[in-house]
Amino acid sequence: MTNKYTDLINFDRQNVWHPYTSMSSPLPSYLVKSAEGVRLTLSDDNQVIDGMSSWWSVIHGYNHPDLNKALIDQSKDFSHVMFGGLTHEPAINLSKKLIAMTPETLQRVFISDSGSVAVEVAIKMAIQYWASKKQTTKHKLLTVRNGYHGDTFAAMAVCDPVNGMHQIFDQVLVKNHFADAPQVKFGQDWHANAQGENEVSALEALFDKHQHELAAFIIEPIVQGTGGIRIYHPEYLKACHRLCKKYNVLFIADEIATGFGRTGKMFACQWADISPDIMCVGKALTGGYLSLAATLCTTDVANTISEGEAGCFMHGPTFMGNALACAVANASLDLLATNEWQEKVLGIESYLKANLSPLIQHQRVADVRILGAIGAIETKQAVVMAKIQKRFVELGVWIRPFGKLIYIMPPFITTNKQLKKLITAIAKILDEDDCFEGI
Ligand SMILES: Cc1ncc(COP(=O)(O)O)c(C=O)c1O
């Protein structure tokens, strides 16, 4: 490694925060020099195959010519203008596309700068909706355990109360209501025993008890991502939607991780054929190029807010509708519109089913879960991050496990040969005792 990189990495280690690691004694961060397709080139010139799509976002791969071109072309016109009082073609086109591709009740678009902000916006929309109807007691959220919706305050307040950040921020987080996480898995027979219906009854009891104070119900459709890659039954999602209607509660679908094809449908809500009142998208929206998110809502939600006392929705970030981000999002959605993504995602799913599923036989594995281009292995012991991360890099792959989860959600362009390399690395690591905590 050259001195240049050693100095950079040392500076980074001392001065730059990285997510969920200590600042005083951080886990190592690998410096990326360049990225192309599904490969990241590190500062020592070693290449790793990316199994993470940079946290669900880089669906078309790195350094994509169409996405590069969209950015360069837009930057020649302008990169950003304020969205208050001004508008532009990239944002208008993006809104048109989002309205056309999302469930049909969603007709109004609020473009913001990150997933957590999109969730804050969704929650504020729901609360302002009821305030506009003079129903000011309806300002709480109902959700399910094991959820994850972001790191800002309103979002944290609907994350899992045990695994999330509730303990540290308990004094300041709004107290919302939590149902048990859905247990009937995707692919299981919903009617085989009464478990599914019992869960729905327990959920209904919460709707019934708290309806007077509930502004909205929020859930990650079909896949609870950061809360454990838990893939649940579409009937549960259908029931959530039905209960929202029955108890006059808005339904917020957080599609930030699941949206844009990852689960095998364009949006995971489509597995249950439901249309939410409010929906958040982000992550893969720009093909992973820039931070951008959107909160879509129904005409009823938008009109009610607009006709309320305030006369407008109370949110307006500086980088709302950023033109560069919208331009690259348009290019990414154009790539998705070719529909080739579907074949690729189903191809990845078949490969994972054939080659990742057998790892269930390994004595260290508790469960294997697969849907679309998502494959997760739950281990019986938690991983030792410092060890396992280093070993994956040595094996030529970029996989970042957490807790008892080793999971991949590779770019849609990943070939079977590259998937094989990812799975072979996982299989090898499972045999390495020092990558796991003791039982
Ligand atoms: C379902 C879900 N919602 C919200 C977020 C927050 O998005 P961001 O990290 O862009 O703020 C995430 C991020 O992982 C997510 O998975």
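Order of listing sets the numbers, starting from 1, for every ligand and every atom in it. These numbers were taken from a predicted model, which means no experiment stands behind them.
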* Are K404 and K380 close enough, and set up right, to give a side-chain contact (heavy atoms from CB on, under 4.5 Å), and what steps lead you there? -> CA-CA 7 Å; K404 293 180 178 172; K380 292 178 187 162; over 6 Å; no
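- Remark: D208 does not engage K246 in a salt bridge, criterion side-chain N to carboxylate O under 4.0 Å.
- Under the 4.0 Å criterion applied to side-chain N and carboxylate O atoms, D277 and K245 are assigned as salt-bridge partners.
- Protein heavy atom nearest atom 3 (N) of ligand 1, with residue, atom name and distance: D254 OD2, 2.7 Å.
- Here the heavy atom of the protein found nearest to atom 14 (O) of ligand 1 is K283 NZ, 2.9 Å.
- When only interatomic distances are considered, the shortest N/O to N/O separation between G115 and ligand 1 falls below 3.5 Å.
- In terms of modelled atom types and a separation under 3.5 Å, the side chain of T152 and the main chain of A154 share no donor-acceptor contact.
- Without hydrogens or angle criteria, R145 side chain to P161 main chain gives no donor-acceptor distance under 3.5 Å.
- Here the heavy atom of the protein found nearest to atom 9 (O) of ligand 1 is S116 OG, 4.4 Å.
- The option with the heavy atom closest to atom 5 (C) of ligand 1, from among T258, I256, V158, is I256.
- Centroid-to-centroid, the aromatic rings of Y407 and F402 come within less than 6.0 Å.
- In terms of protein heavy atoms, atom 4 (C) of ligand 1 is closest to H149 O, 3.2 Å.
- Within the 4.0 Å heavy-atom criterion, both parts of Y148, backbone and side chain, lie near ligand 1.
- For G225, the heavy-atom gap to ligand 1 stays at 4.0 angstrom or more.
- The residues K175 and D170 are annotated as salt-bridged, a charged nitrogen and a carboxylate oxygen being separated by less than 4.0 angstrom.
- Contact atoms of ligand 1 toward A257: 16 (O) (distance under 4.0 Å to a heavy atom of the residue).
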